[in-house]
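Counting from 1, the numbers follow the sequence of the chain as shown.
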Amino acid sequence: MTDVKDLIELIALKEINPSQFEGYSKTVGSPNVFGGQVLAQALNAAARTITNNRVLHSMHSYFLEAGDLEQPIIYNVNNTRDGGSFSVRRVTAEQNGVTIFILSASFQNKEEGHNHQISMPDAIKQPEELMSWSEILNKFGDVIPKKTKGFLEIERPVEFKPVELVNPFNTEDLPAFTNVWFKLNGDASHLDLAIKQQILTYVSDYNILAAAMNRHASKAHWGNTQTASLDHSMWYFRDFDFDDWMLYAIESPNASGARGFAKGNIFTRDGKLIASVAQEGLMRPIKQ
């Protein structure tokens, strides 16, 4: 995948019947299906069953089994409730008859109410001052660890620019946070809100566990730690457009029990908070 058109084609599922859909997978550099892909596809399935113009405001999910990149994924949608203001859908994702993922999503009528938000982090470097993943690869490719280099070499529909550039050879623990600017490649104008939310969810599974890994950088890295998304929750606050860079500000309050917990806020360039994310991921040291 190289641009937003490819990403939309990946997320938009084939309808088998009004409550069952089929999707395929694209690698992001991992041997298994990318969690963000399953999240976005499951939301696409859920949204396709909403016929009353209600808007997604939250979702909660669990990753149960590693997905096979070569096998189609079947998404089954259960209409849990259509109330006076809210609609809830439960989605199960299956491969070869085995459930690999479950998600619950809630949709709400458009309503007006009180409004406040936290501010974007202060003194953050702007995207124009930073290197993208592809630029980092071009500049440091000869010294980047093999696993990281292979990950960075994958073409993506999203460009990332980390604010804090982590040296993989650093032997010191780092603060338990990371800030990353991201922007879609290609024309992302004229997208409806449901598709924008699904794309944003896809992006939200990138970078989030890095904040937990940073805190243990003196001894833990992607080459000696088994990592995987265990669960993922997201709350959607405001409409937005993908016409500029967005900031994903992530922090990790805790790591314990071979798990790392991280939470993030996604802002537009002008400081509008559009979504918040929480995830716990596997962070299991690999015995040498």
inquiry  = Atom CD of residue position Glu155 - does it have more than 12 heavy atoms of other residues, nucleotides or ligands inside 6.0 Å?
reply    = no
ask   = Among the clusters formed by ILVMFWY side chains lying less than 4.5 Å apart, do Met234 and Leu230 turn up in the same one?
value = no
Rounded distance [0.5 Å steps], CZ in Phe21 versus CZ in Arg48 = 5.0 Å
message = Could you walk me through whether Arg89 and Asp82 satisfy the salt bridge (charged side-chain N to carboxylate O under 4.0 Å, His left out) test, starting with their C-alpha distance in whole Å, then the side-chain angles of each, then the deciding distance to 0.1 Å, before giving a yes or no?
response = CA-CA 9 Å; Arg89 299 291 185 267; Asp82 280 321; 3.2 Å; yes
ask   = Is the number of heavy atoms from other residues, nucleotides or ligands under 6.0 Å of Asn53 CG greater than 12?
value = no
ask   = Is there a donor-acceptor pair closer than 3.5 Å between any side-chain N or O of Gln197 and the backbone N or O of Val55?
value = no
key: Within-4.5 Å side-chain heavy-atom neighbours: Phe86 and His57   = yes
query = When the ring centroid of Phe160 is compared with that of Tyr248, is the distance short of 6.0 Å?
reply = no
key: Donor-acceptor contact present, side-chain Asn109 to main-chain Asn52, <3.5 Å   = no
query = Is the closest side-chain donor-acceptor distance between Asn207 and Thr178 under 3.5 Å?
reply = no
query = How long is the gap from CZ on Arg259 to CE on Met283, to the nearest 0.5 Å?
reply = 11.0 Å
task = Carefully, step by step, assess Phe101 and Leu64 under the rule side chain to side chain contact (heavy atoms under 4.5 Å, CB included).
result = CA-CA 5 Å; Phe101 173 83; Leu64 306 179; 5.7 Å; no
ask   = Under 4.5 Å between side-chain heavy atoms, hopping through other hydrophobics if needed: is there a path connecting Met59 to Leu200?
value = yes
Single-linkage hydrophobic cluster Ile136~Val163, side-chain heavy atoms < 4.5 angstrom = no
task = Look at the side chain of Glu251 and the backbone N and O of Lys263, then say whether any donor-acceptor pair between them is shorter than 3.5 Å.
result = no
message = Quick one, Phe267 and Ile118 - any side-chain contact, counting heavy atoms below 4.5 Å?
response = yes
message = A side-chain contact here means heavy atoms from C-beta on lying under 4.5 Å apart; do Leu56 and Gln198 qualify?
response = no
Heavy-atom pair of closest approach, residues Ala220 and Thr225 = CB-OG1, 3.8 Å
ask   = Quick one: are Lys14 and Pro72 in side-chain contact, heavy atoms under 4.5 Å?
value = no
request  = Report the C-alpha distance between Ile199 and Ile8 in whole Å, list the side-chain angles of each, state the deciding distance to 0.1 Å, and finish with yes or no for side chain to side chain contact (heavy atoms under 4.5 Å, CB included).
outcome  = CA-CA 8 Å; Ile199 292 173; Ile8 292 172; 4.0 Å; yes
ask   = Roughly how far apart are Ile73 CD1 and Gln41 CD, rounded to 0.5 Å?
value = 5.5 Å
query = Going by heavy atoms in the side chains, are Pro157 and Leu10 under 4.5 Å from each other?
reply = no
key: Student check: side-chain heavy atoms of Glu164 and Phe177 closer than 4.5 Å   = yes
task = Evaluate the criterion side chain to side chain contact (heavy atoms under 4.5 Å, CB included) for residue pair Tyr24 and Gln37; output intermediate values, then yes/no.
result = CA-CA 9 Å; Tyr24 66 95; Gln37 175 202 301; over 6 Å; no
Closest approach of Leu130 to Glu135 (non-hydrogen atoms, all atoms of both residues) = O-OE1, 3.9 Å
inquiry  = Main chain of Ser134, side chain of Asn138: is a donor-acceptor contact present, judged purely on distance under 3.5 Å?
reply    = yes
message = Quick check against the 3.5 Å criterion: does Asn185 have a side-chain atom that pairs as donor or acceptor with the backbone of Arg156?
response = yes
ask   = Can you check whether Lys219's main-chain N or O pairs, donor with acceptor, with Asn224's side chain at less than 3.5 Å?
value = yes
ask   = Leu39 and Phe63: side chain to side chain contact (heavy atoms under 4.5 Å, CB included), yes or no, with the steps?
value = CA-CA 9 Å; Leu39 289 163; Phe63 299 92; 3.8 Å; yes
query = How close do Pro127 and Lys161 get, heavy atom to heavy atom, and via which atoms?
reply = O-NZ, 3.0 Å
note = Between Phe151 and Tyr206, the two heavy atoms sitting closest are CZ-CE2, 4.0 Å
query = Does Ser61 use its side chain to pair, donor to acceptor, with the backbone of Ile102 at less than 3.5 Å?
reply = no
ask   = Taking atom types as modelled and ignoring hydrogens, do the side chains of Asn32 and Ser30 form a donor-acceptor contact shorter than 3.5 angstrom?
value = no
query = Are Leu191 and Trp245 in one and the same hydrophobic cluster, where Ile, Leu, Val, Met, Phe, Trp and Tyr link if side-chain heavy atoms are under 4.5 Å apart?
reply = no
Donor-acceptor contact present, side-chain Asn214 to main-chain Ala217, <3.5 Å = no
request  = Report the distance from atom CG of Asn79 to atom CZ of Arg90, rounding to the nearest 0.5 Å.
outcome  = 13.5 Å
inquiry  = Between Asn254 and Ser256, do the side chains contain a donor N or O and an acceptor N or O under 3.5 Å apart?
reply    = yes
ask   = What are the two closest non-hydrogen atoms of Ser132 and Glu159, and how far apart are they?
value = CB-OE2, 3.3 Å
query = Short question: side chain of Lys26, backbone of Phe34 - any donor-acceptor pair under 3.5 Å?
reply = no
ask   = Between atom NZ of Lys139 and atom CG of Leu165, what is the distance when rounded to the nearest 0.5 Å?
value = 9.0 Å
ask   = Are side-chain heavy atoms of Leu282 and Thr227 found at a separation under 4.5 Å?
value = no
message = Side-chain heavy atoms nearer than 4.5 Å, only ILVMFWY residues, links allowed to pass through others: does that put Met1 and Leu13 together?
response = yes
Pairwise distance CG(Asn44) to CD1(Ile195) - rounded to 0.5 angstrom = 5.5 Å
key: Nearest heavy atoms of Ile100 and Gln95, plus distance in Å   = CD1-OE1, 4.0 Å
message = Around atom CZ of Arg215, are there more than 12 heavy atoms from other residues, nucleotides or ligands closer than 6.0 Å?
response = no
ask   = Hey, is Asp241 close enough to Lys196 for a salt bridge, meaning N to O under 4.0 Å?
value = yes
key: With Phe237, the side chain to side chain contact (heavy atoms under 4.5 Å, CB included) member among Ile266, Ile274, Leu273   = Leu273
query = Side chain of Asp192, backbone of Ala194: donor and acceptor closer than 3.5 Å?
reply = yes
message = Counting only heavy atoms not in Glu70 (residues, nucleotides, ligands), do more than 12 fall under 6.0 Å from its CD?
response = no
